[in-house]
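Just below is one structure, and these are the notes that go with it.
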Amino acid sequence: MSLQIYIDGKFYDKENAKISVFDHGVLYGDGVFEGLRSYNGKVFRLEQHIDRLWDSAKSIALDIPMSKAEMIDAINQTTAINNIKEGYIRVIITRGVGDLGLDPFVCVHPQVIIIAAQLALYPKELYEKGLDIVTASTMRTPPAALNPRIKSLNYLNNIMAKVEASRAGCEEALILNHKGEVAECTGDNIFIVRNGELLTPPIDAGILEGITRNAVLELAKKSGIVAKEIAFTRHDVYVAEECFLTGSGAELIPVVSIDKRIIGNGKPGTVTKKLLDAFHEETKR
Ligand code: PMP
């Protein structure tokens, strides 16, 4: 059976899952989304993703045309109908059909789309070897322009940085904020270990408040690792003992070099491994 895509309350075969070219999601990237993971048929931290989706929508003045409970039900139906146990789920809310003008309020019917698919993860070797990354020259969108806390359908800022990563032969790129501080990567949050302490940029550095990031901060505290949300620069990453990225798709992935500076001993570090093990345990619970 072809993959079943949820659109606006109904399921469609992948080939027939279509939306209007007049949807402002298509015309302007006007909408919000979430990327979730399911482990053994259960979505990891589902309520937190739903809350973040609702917050993103509220911030762009978009009313999601269902309740949180109905959304949870629709997500569970989509994973069940596609028989997804270990999978990745994308929830998209577009502004809906309007005209060619910008006015979002002519769009009266937001579209809810849910795609549940098998995972396309980073290859296993990369978790053992670690990633080589570069700093992008593209700066993260300043929060006063469009807050990166909004997980909006307009990901061009991230894509511009991803272009730089790919052209440099890397999977990811570090993006700095408007103050030149470390913000995050194109689709992942960043952590470093310095003097045995775990550091990650604070939310007001202009980042997405990652659900994996928050889980790692909790797990660090439980494991007796000092964890701080604190602003730092690229220099701190260069001289860090360890570095790793977090995201729903990536989980925790080690970074072993940035801008051709080797981090630590050039291998995934012990704090990273400890936290990755703790994270795997957490996803099994
Ligand atoms: N930052 C950005 C820009 C992202 O798109 C994502 C999600 N892929 C993350 C961080 C990680 O967030 P989460 O752990 O909630 O998946």
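Note that ligands are numbered from 1 as they come in the structure, with each ligand's atoms numbered from 1 the same way.
In terms of N/O distances under 3.5 Å, ligand 1 is approached by Tyr155. Geometrically, ligand 1 and Thr246 share no nitrogen or oxygen pair separated by less than 3.5 Å. In terms of N/O distances under 3.5 Å, ligand 1 is not approached by His49. Between Glu184 and ligand 1, at least one N/O pair is under 3.5 Å apart. For a threshold of 3.5 Å applied to N or O pairs, the pair formed by Arg213 and ligand 1 contains no separation below that value.
By the criterion of side-chain heavy atoms lying less than 4.5 angstrom apart, applied directly or through intervening Ile, Leu, Val, Met, Phe, Trp or Tyr residues, Ile190 is not grouped with Val193; the two fall into different hydrophobic clusters.
For Leu208, every heavy-atom contact with ligand 1 shorter than 4.0 Å involves the side chain, none the backbone. Proximity of Ile207 to ligand 1, defined as any heavy-atom pair under 4.0 Å, is not found for any part of the residue.
A donor-acceptor pair under 3.5 Å is absent between the side-chain atoms of Ser257 and the main chain of Lys260, judged by distance alone.
In terms of protein heavy-atom proximity, atom 14 (O) of ligand 1 is nearest to Thr212 OG1, 2.6 Å. The protein atom (non-hydrogen) at minimum distance from atom 8 (N) of ligand 1 is Gly187 O, 2.9 Å. Ranking protein heavy atoms by distance to atom 12 (O) of ligand 1, first place goes to Gly210 CA, 3.5 Å. Shortest contact from atom 7 (C) of ligand 1 to any protein heavy atom: Lys151 NZ, 3.3 Å.
Heavy-atom contacts of Ser248 reach the following atoms of ligand 1: 13 (P), 14 (O), 15 (O), 16 (O) (cutoff under 4.0 Å). Near Thr186, with a cut-off below 4.0 Å to any heavy atom, the atoms of ligand 1 are 3 (C). Heavy-atom contacts of Gly247 reach the following atoms of ligand 1: 11 (C), 14 (O), 16 (O) (cutoff under 4.0 Å). Close approach to Asn158 involves these atoms of ligand 1, each under 4.0 Å from a residue heavy atom: 3 (C).
Note on Glu171 versus Lys162: no salt bridge recorded, every NZ/NE/NH1/NH2 to OD/OE distance being 4.0 Å or above.
Contact check for Phe22 versus Leu100: side-chain heavy atoms found under the 4.5 Å cut-off.
No heavy atom of Arg37 sits closer than 4.0 Å to any atom of ligand 1.
Separation of atoms SG (Cys107) and NE2 (His109) is listed at 11.5 Å; rounding is to 0.5 Å.
By the neighbour-count criterion of 12 heavy atoms within 6.0 Å, atom NZ of Lys68 is densely surrounded, having more than that number from other residues, nucleotides or ligands. The local environment of NZ in Lys124 is sparse, with at most 12 non-hydrogen atoms from other residues, nucleotides or ligands closer than 6.0 Å.
With sequence neighbours excluded, the residues forming a salt bridge (charged side-chain N to carboxylate O under 4.0 Å, His left out) with Glu251 are Arg37, listed by chain and number.
Residues Phe279 and Phe44 place their aromatic rings such that the two centres sit under 6.0 Å apart.
The hydrophobic cluster containing Met71, built from Ile/Leu/Val/Met/Phe/Trp/Tyr side-chain heavy atoms closer than 4.5 Å, also comprises Tyr6, Phe11, Val32, Leu36, Val43, Leu46, Ile50, Leu53, Trp54, Ile60, Leu62, Ile64, Met66, Ile72, Ile75, Ile81, Ile89, Val91, Ile93, Val112, Ile114, Leu146, Ile150.
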